[in-house]
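Heads up: the structure comes next, in structure tokens.
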Amino acid sequence: MGLNVIMMGPPGAGKGTQAGQFAKDRGLPKISTGDILREAIKENNPTALAAKARMDRGELVDDAMMIAIVADRLAKSDVQPGFVLDGFPRTVAQARALDDLMDRLGSGPLIVVDVAVPEPELVKRLAGRRICSNCGTNAASLDATACGKCGGRLVQRADDDQGIVLERLRVYQQSTKPVLEYYRERPTFRVVNGAQAPERVASELNALIDHAAAAKR
Ligand code: AMP
């Protein structure tokens, strides 16, 4: 049975970084729907290009498209030992579709972790966040001058612009918060305090996930 983890949390909570680190440590693929969309846009994929305007405004891309992307990705053989999902599900409809998919694939229960951070802290973090224009990695710190991974130029993400940040937080409250309620009563649901040093969050996250994995057996 695979270690199937969903990293939930508002934009700016650090869930992408945590998902990446955890996936690397455990040798699991990290599946980020935001990264898949940005990659497809770079490759001029027409469906992704059609979604770009919504992304740039901080709005959600439609459920059918996102569900199809994730269904395709989870059909690949590298997810056999498990996966770490980052940025999906973002609506209750996506969460329901993922449950159906897991049933069809005969995969084990989902471990859901909410990386919780208070809103004022999120606004502060998002306004300062920069990513590499070449490989998309988050900048290591506010005063980094180049990407720590490939040396590429650091830029602000189009959707980290101030007005758009507020829109993304509004969309999160309205569409994605209900997903937490959808999962909350499950024995494999956990919350980690994301307003701590990243190393601390990572170590608590590891312990919580191992605990949840033991509980699901
Ligand atoms: P992210 O990098 O996860 O913040 O995603 C960037 C943008 O991609 C989001 O603001 C949405 O426009 C779109 N997106 C990514 N994942 C999803 C999803 N599961 N459902 C709808 N839209 C998504």
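Each ligand, and each atom within it, is numbered from 1 in the order the structure gives.
- Polar contact with ligand 1: present for Thr33 (N/O pair, distance under 3.5 Å).
- Residue-level proximity to ligand 1 for Met55 is carried by backbone and side chain together, each with a heavy atom below 4.0 angstrom.
- In this structure, Glu181 places its CD atom where more than 12 heavy-atom neighbours from other residues, nucleotides or ligands lie under 6.0 Å away.
- There is no side-chain donor-acceptor pair under 3.5 Å between Ser107 and Asn4.
- Taking every heavy atom of Glu59 and a limit of under 4.0 angstrom, the matching atoms of ligand 1 come to 11 (C), 12 (O).
- Remark: Arg125 engages Glu121 in a salt bridge (Lys or Arg N to Asp or Glu O under 4.0 Å) (not counting sequence neighbours).
- Residue Gln94 touches ligand 1 through its side chain alone, judged by heavy-atom distances below 4.0 Å.
- No more than 12 heavy atoms of other residues, nucleotides or ligands sit less than 6.0 Å from atom CZ of Arg200.
- Nearest to atom 4 (O) of ligand 1 by heavy-atom distance, out of Met66, Arg38, Arg90, is Arg90.
- Residue pairs meeting the salt bridge (Lys or Arg N to Asp or Glu O under 4.0 Å) criterion with at least one partner in residues 66-81, sequence neighbours excluded, are Arg73-Asp78.
- Distances below 4.0 Å separate heavy atoms of Arg168 from the following atoms of ligand 1: 4 (O).
- On a distance-only criterion, Gly87 and ligand 1 share at least one N/O pair closer than 3.5 Å.
- For the pair Ser133 (side chain) and Arg153 (backbone), a donor-acceptor distance under 3.5 Å is present.
- Against a heavy-atom cut-off of under 4.0 Å, Leu37 is close to the following atoms of ligand 1: 8 (O), 13 (C), 14 (N), 15 (C).
- When all heavy atoms are compared, the tightest approach of Arg54 to Leu60 is NE-O, 2.6 Å.
- The N/O atoms of Phe88, backbone and side chain alike, include none that comes under 3.5 Å of an N/O atom in ligand 1.
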